[in-house]
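Presented below is the structure to which this report refers.
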Number of protein chains: 2
Amino acid sequence: MTDKKHKKADIITVAQAARVSASTVSRYFNHPELLKPATRKRIDSAVRRTGYIRNRAAQTIHGIRSGTIGVLIPTLDHAIFAEVVQAFSDSVAEDGFTILLASHGYDLQREYAILRKFLEHRVDGVVLTGLDHDEAVFQLIDSQKIPCVLMWNYAAGSRYPSIGADNEMAGRLIAEHVLSLGHRDIACMFPPTGGNDRAMARRDIVLSTLKKAGVTVPDPWMFETVYSISASKRDVTELLTHDHRPTALICGNDILATGALYGAAARGLDVPSDITVVGIGDFKGSSDIEPALTTVRLPARRIGREAGKALVTGIISAGEDPAGSLHCAPEIIRRQSSGPVSQ
Amino acid sequence: MTDKKHKKADIITVAQAARVSASTVSRYFNHPELLKPATRKRIDSAVRRTGYIRNRAAQTIHGIRSGTIGVLIPTLDHAIFAEVVQAFSDSVAEDGFTILLASHGYDLQREYAILRKFLEHRVDGVVLTGLDHDEAVFQLIDSQKIPCVLMWNYAAGSRYPSIGADNEMAGRLIAEHVLSLGHRDIACMFPPTGGNDRAMARRDIVLSTLKKAGVTVPDPWMFETVYSISASKRDVTELLTHDHRPTALICGNDILATGALYGAAARGLDVPSDITVVGIGDFKGSSDIEPALTTVRLPARRIGREAGKALVTGIISAGEDPAGSLHCAPEIIRRQSSGPVSQ
DNA sequence: CATATTTATGAAAACATTTGCAAAACTATT
DNA sequence: AATAGTTTTGCAAATGTTTTCATAAATATG
């Protein structure tokens, strides 16, 4: 069936097989309603016989959309980004778009290089993760006049439409929750903030919210811990050896909080009666861990889906007023890992 | 700098700006050594001034490689696939390839449709996940004579080179481990196997290994549980209410095992003294959970990396004998969640 | 049945590149 | 300074499509 010597079938091969011109075959795909039903059937069979597959590259040089969207993330290794990407991909696939995916590992230089590559492929739009990017990146996008959305974080005055959660709000919510339970001796654990505006914003707002309530976090209770359960477990285990312990631990994300829970368990301490542990993110599994984790939900799936919708809209209705930002509000999720300070 | 009226700069714009012909600009990119250093510099500056970005679509219709690889996975929502994809992407990025990513959610029909789309984009190669696919999928790949590797699973006689772990071996290893600890009353929990050859192979080999040792799993101890911590926790909590309990539980993957651990904790049972729990996968976090999970390591990162290398080799040295399969052997990882049966 | 409309198709130009070939510009050699 | 050899460059054809415009075929109108 799909033999046809060796060269790949092109539109002309099909045209000959159907005894029509190449233009007619082109119309068969792009404006089938213009064809006589009989011709349509003839081409249909010719396409089948020759095993022809349209060549989007050839279409793209006519200024026709490539049908691809560039997705730039820090890493897939954080389950939360994988979730966002999955939702984004599903969302744009409905409109026939395929994603080009690349990760920069928090290296801004690489982000620029990847973006260039995306543009060489003539993507119809790009999504970046987070609000902060190299100025060169923004300029490149501007110069190519290509739709862009920033996903994951939300901020009112972002350079491009931002679709995501307000990190400051997330940080504030969790800090206020812990304060409301009466805690004053509070430790904090955040990932290294280099090149990561999300983590940075969260940490700063947590600290300032605490300070506003008159609570300062002593230096030895301020951890900078890489994003991994084992690192967090190690640091928390260490922290809990000392006799002067905090009554609460605020973690920058649920992975760190999970490690903290394990660390407390390893030390034989009860959560929350000995120590309250909270995270940010509401990752998969956070609700099932023992004890279930109190956290702030960042609606990853919704963010991915909405970012996809927004970008597709931007692509399809190019030129019009760009789609606006959208705040997918974070929400405090109270579970068992937090409790009132025990006197 | 990158102004230039409104139309995007093409190779002719650059040529004019540098006062050379388009061919020379083309050579500047593809065979720079053929150019006089002075010309090179002139073009260099013209490229910069015009903000020109090469158009890979236009190159691709000359039979030049597109520089893209299609990656087809079931879903990114399983952290383990995200990990494989991340490693794959990093690996091929070294050689300048960008990935087109799509997930089919275990729907074979969608897999075919996605593959077609990849081919329209003229990907230089494709990776599929797992060994089993619709015959139409294989035929399509054959007819387009495009390099393909199957990743994640390994089997000697696979239709295309397979790079991954031998699932039968993984299942056998974990079953033998549990048997070697003296367990006879064994429960099993596996994900639904529809359209998922990996899960199926694992389950069947575990069961047959047990049977060979004279152990049969009674029907009420045979769980088909969706891939989620909460579903597993629920089922295990239920299982452990009955007074006649198994002494060991073999889970088809670490997510289910994690839920099982939580379920046991919720019931106040000790692992491993009351019940042994084991998984398959060695996901991130499996080593840190309390108690640390005994499992079989499926080397996701290595698989992704090797699959990337193999495919790139297949693309670059097209025509030659295709790169062979590679077995990334699974390996039993003994931790605290398994112990000898207590009499 | 001839003419006017409408519908369906083909020819050729356009798209942004690469590349084979030939001409032009240099260098080296005498 | 003329010639031969080499390096550098430009022209034009080719790539696989889409699209505009013109023409041919089919249908409707009188």
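Just so we're on the same page: letters track the sequence lines, and every chain starts at 1.
- The interatomic distance linking B:Ile61 (CD1) with C:dT18 (C1') rounds to 10 Å, in whole Å.
- Looking at B:Gln59 and B:Asn55, their side chains never bring a donor and an acceptor atom within 3.5 Å of each other.
- One finds a side-chain N or O of B:Arg54 lying less than 4.0 angstrom from the OP1 or OP2 phosphate oxygen of C:dT18.
- The 5' end of DNA chain D is approached more closely, in terms of each residue's nearest nucleotide, by B:Leu34 than by the other of B:Leu34 and A:His62.
- With C:dT17, C:dG10, D:dT9 as the candidates, the nucleotide lying closest to the side chain of A:Ser23 is C:dG10.
- Rounding to whole angstrom units, CZ of residue B:Phe29 and C1' of C:dT19 are separated by 17 Å.
- The phosphate of C:dG10 (OP1 or OP2) has a side-chain N or O of A:Thr24 nearer than 4.0 angstrom.
- Of the candidate nucleotides C:dA16, C:dG10, D:dT18, D:dT18 has the atom nearest to the side chain of A:Asn30.
- Looking at B:Arg27, its side chain comes within 3.5 Å of the base of D:dG10 through a donor and an acceptor atom.
- Put simply, NE2 on B:His31 is 5 Å from P on C:dT19, counting in whole angstrom units.
- Atom CD1 of A:Ile53 is separated from atom P of D:dG16 by 15 Å (rounded to the nearest Å).
- In this structure, A:Ile11 places its CD1 atom 5 Å from P of D:dT17, rounding to the nearest Å.
- With respect to A:Arg48 and A:Asp44, a salt bridge is recorded, a charged nitrogen being found less than 4.0 Å from a carboxylate O.
- B:Tyr28 comes within 4.0 angstrom of nothing in the nucleic acid, heavy atoms only.
- B:Tyr52 comes within 4.0 angstrom of the backbone, heavy atoms only, and of no base.
- Considering CD of A:Glu111 and OG of A:Ser103, their distance stands at 11.0 Å, rounded to 0.5 Å.
- Nearest to the side chain of A:Lys36, among D:dC11, C:dT9, C:dG10, sits C:dT9.
- The side chain of B:Ile64 sits closest to C:dT18 out of C:dT18, C:dT9, D:dT15.
- Aromatic pair B:Phe29/B:Tyr52: ring centres closer than 6.0 Å.
- Around CD of B:Glu135, the count of heavy atoms belonging to other residues, nucleotides or ligands within 6.0 Å exceeds 12.
- Using cut-offs of 30° and 60° for the angle between ring planes, the A:His78 and A:Phe81 rings count as parallel.
- Between A:Val149 and A:Tyr160, the closest side-chain pair of non-hydrogen atoms is not below 4.5 Å.
- A:Lys8 has its NZ atom 11 Å from the P atom of D:dG16, to the nearest Å.
- Judged by distance alone, with hydrogens and angles left aside, A:Thr60 brings no side-chain donor or acceptor close enough to the base of C:dC15 to form a pair under 3.5 Å.
- As a whole-Å value, the separation of B:Leu35 CG from C:dA25 P is 17 Å.
- Ion pairing between a basic and an acidic side chain is recognised when a charged N comes within 4.0 Å of a carboxylate O; A:Arg110 and A:Asp134 show no such pairing.
- Recorded end-axis angle for the helix from C:dC1-D:dG30 to C:dT30-D:dA1 stands at 40°, based on five pairs per end and rounded to 10 degrees.
- The shortest distance between the side-chain N/O atoms of A:Thr39 and the OP1/OP2 oxygens of C:dT9 is below 4.0 Å.
- Spacing between atom CZ of A:Arg122 and atom C1' of D:dT17 amounts to 17 Å, rounded to whole angstrom units.
- Phosphate proximity of D:dT18 to A:Gln59: present, with a side-chain N or O under 4.0 Å from OP1 or OP2.
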